[in-house]
Amino acid sequence: MDKYNENLTDVKEIFRKGDLRAIPKPLLKWYDNNRRILPWREQPTPYRVWVSEIMLQQTRVEAVKPYFQRFMDTLPDIAALAEAPEETLLKLWEGLGYYNRVRNLQKAAIQIMEDYGGRMPDSYEELLKLKGIGSYTAGAVSSIAYGKPNPAVDGNVLRVIARIRKDDRCISEDKVKKAVEKDLWEVIPKDRPGDFNQAMMEIGACVCIPNGAPHCEECPLRQICLAYEDRTQQQYPNKAKAKERTIEEKTILIIRDAELAVLHKRPAKGLLAGMYEFPSMKGFCTAEEVKEYLTENGLQVLRIQPLEDAKHIFSHREWHMKGYLIRVDELAPKKVGPDSADWIYIEPRETQDRYPIPSAFAAYAKGLSMQLGIPRTMF
DNA sequence: AAATCGGGGCT
DNA sequence: AGCCCAGATTT
């Protein structure tokens with residue numbers, strides 16, 4: 001005997017398949033029995049919900065887990081967030097990606113301190129005015145933290161709804177998302193809006209999954225679902241396919257003298273803005289070309305050691321990288337070349353806990369702790 | 001409306 | 001190798 005049968009037979013008598021009004025009752029019952037325990041669900045204060053929702057944008061739950069508690073421990077409230085140095089923010093976000101999220105998080109914290117007396121606003125409209133908060137996050141915070149009946153429509157919800165209704169519209173289009181938000185507004189239960197929104201996403205993430213076959217046999221909404229009726233679940237949702245990636249070739253330089261290594265802070269705008277990286281050259285360069293480049297920048301090269309090739313894939317770009325570990329005689333005093341002017345010199349050991357370096361350079365960050373095999377007596 | 005912005009896990 | 005993820009902002 002199906003444990004949802006009772007609900008579903010009731011529901012079937014009242015609503016046609018595909019009618020969103022049939023969703024809340026079986027969905028919430030399922031959620032009460034199947035919800036995951038997540039750190040930000042324990043004490044859903046506005047600040048905790050907000051931070052978690054920003055971290056979760058385009059990011060899986062499992063990826064966020066190790067970041068969330070550390071962030072809350074370091075910056076326990078909005079005031080602390082508003083005052084944190086950018087380095088601290090980026091270090092807390094290092095490896096999570098989309099680094100503008102954390103800068104916008106701080107901008108919003110400052111807005112809240114200045115315009116709202118340090119208290120997170122509770123209405124959908126006021127939340128929307130905050131940097132980094134769009135329709136999804138405004139709906140999530142207002143419903144989960146404040147119990148307001150606003151829908152929170154993310155990729156999960158769009159997929160679940162598309163399947164239930166056999167909706168062919170392209171979910172990448174803004175107007176489709178807006179329409180779904182409007183439709184859910186009519187349906188969202190006023191007594192449990194936060195649970196409803198989380199349950200829709202939970203169903204999408206755990207049952208009505210995007211890659212591979214969804215687990216329809218355990219779905220509390222299968223009797224409502226038009227796609228399940230003719231087993232066409234995997235044809236939905238309709239989504240525009242991703243643009244092709246461009247490939248970029250780079251040569252990464254790990255430059256060291258006896259004590260220091262070289263890093264470079266990326267520009268404030270664009271890809272990986274404000275993150276630290278190793279100096280690099282465009283294209284695949286030979287050891288001779290690297291040596292020539294470094295000589296132009298006022299360095300005396302003692303040894304060049306090739307490192308393994310590496311590849312890093314972004315959403316819309318690929319980096320194919322060669323790397324060299326380079327030993328030079330002395331770094332710090334020399335600032336003569338065209339590029340070396342904005343190099344910074346750091347102790348390799350402090351790199352790991354002071355400078356945020358994106359995952360793209362993970363294969364070469366190891367080079368900081370490697371020995372160069374040049375006996376000190378040589379100098 | 002389209003482009004930009006990360007990183008990782010799964011098929 | 002391709003897809004997608006508790007999206008938002010900029011162009």
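Letters A, B, ... are given to chains in the order of the sequence lines, protein chains preceding strands, and every chain is numbered from 1.
Nearest-nucleotide positions on DNA chain C for A:Lys107 and A:Gln58 put A:Gln58 closer to the 5' end. When each of A:Phe314 and A:Lys175 is assigned the nucleotide of DNA chain B with its nearest heavy atom, A:Lys175 is the one assigned upstream, toward the 5' end. In this structure, A:Arg101 and A:Gly212 both approach DNA chain B, and ranking their closest nucleotides by distance from the 5' end singles out A:Arg101.
Within the 4.0 angstrom heavy-atom criterion, base atoms lie near A:Tyr136. Counting any heavy atom pair closer than 4.0 Å across all strands shown, A:Lys177 reaches sugar-phosphate atoms only and no base atom. Nucleic acid contact class of A:Glu202 (heavy atoms, under 4.0 Å, all strands): base. Residue A:Ser52 is out of contact with every strand shown, counting any heavy-atom pair closer than 4.0 Å. At a threshold of 4.0 angstrom between heavy atoms, the contacts of A:Gly204 with the nucleic acid are absent. Using a 4.0 Å heavy-atom distance criterion, A:Ile203 is classed as making no nucleic acid contact. Residue contacts shown for A:Ser359 are limited to sugar-phosphate atoms, with no base heavy atom under 4.0 Å away. Residue A:Arg245 is classed as having no contact, given no heavy-atom separation below 4.0 Å to the nucleic acid. Here A:Ile133 lies in heavy-atom contact (under 4.0 Å) with sugar-phosphate atoms only. Among the atoms of the strands shown, none is found under 4.0 Å from any heavy atom of A:Trp93. A:Asn100 comes within 4.0 angstrom of no nucleic acid atom, judged by non-hydrogen atoms across all strands.
Atom P of C:dA6 sits at a distance of 23 Å from the matching atom of B:dC5, rounded to the whole Å. Using P as the reference atom, C:dT11 and B:dG6 are 15 Å apart when rounded to the nearest Å.
Nucleotides of DNA chain C with any atom under 4.0 Å from a heavy atom of chain A span, from 5' to 3', C:dA1 to C:dT10. On the nucleic acid side, DNA chain B contacts chain A at distances under 4.0 Å to non-hydrogen atoms, with the end points of that region at B:dT4 to B:dG9.
Ring-centre distance between A:Phe314 and A:His312: below the 6.0 Å cut-off. Not less than 6.0 angstrom separates the ring centroid of A:Trp93 from the ring centroid of A:Tyr98.
The closest donor-acceptor contact from the side chain of A:Arg159 to the backbone of A:Gly204 lies under 3.5 Å.
A salt bridge is defined here as a Lys NZ or Arg NE, NH1 or NH2 lying under 4.0 Å from an Asp or Glu carboxylate O, and A:Lys265 with A:Glu87 meets this definition. Comment: A:Asp115 does not engage A:Lys129 in a salt bridge, judged by the lack of any side-chain N to carboxylate O separation of less than 4.0 angstrom. A salt bridge links A:Glu248 with A:Arg317; the closest basic N to acidic carboxylate O contact falls under 4.0 Å. Between A:Glu62 and A:Lys65 there is a salt bridge, since a side-chain N of the basic residue sits under 4.0 Å from a carboxylate O of the acidic one.
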Item to check | Worked verdict on A:Lys177 versus A:Ile171 for side-chain contact (heavy atoms from CB on, under 4.5 Å) | outcome: CA-CA 7 Å; A:Lys177 181 175 170 181; A:Ile171 62 167; over 6 Å; no
Item to check | Residues A:Ile23, A:Met200; criterion side-chain contact (heavy atoms from CB on, under 4.5 Å); working and verdict | outcome: CA-CA 9 Å; A:Ile23 294 178; A:Met200 286 292 286; 4.0 Å; yes
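Applying the ring-ring contact (aromatic ring centres under 6.0 Å, His included) test to residues at least two apart or on different chains, the pairs with a partner in residues 34-56 of chain A are A:Trp40-A:Phe68.
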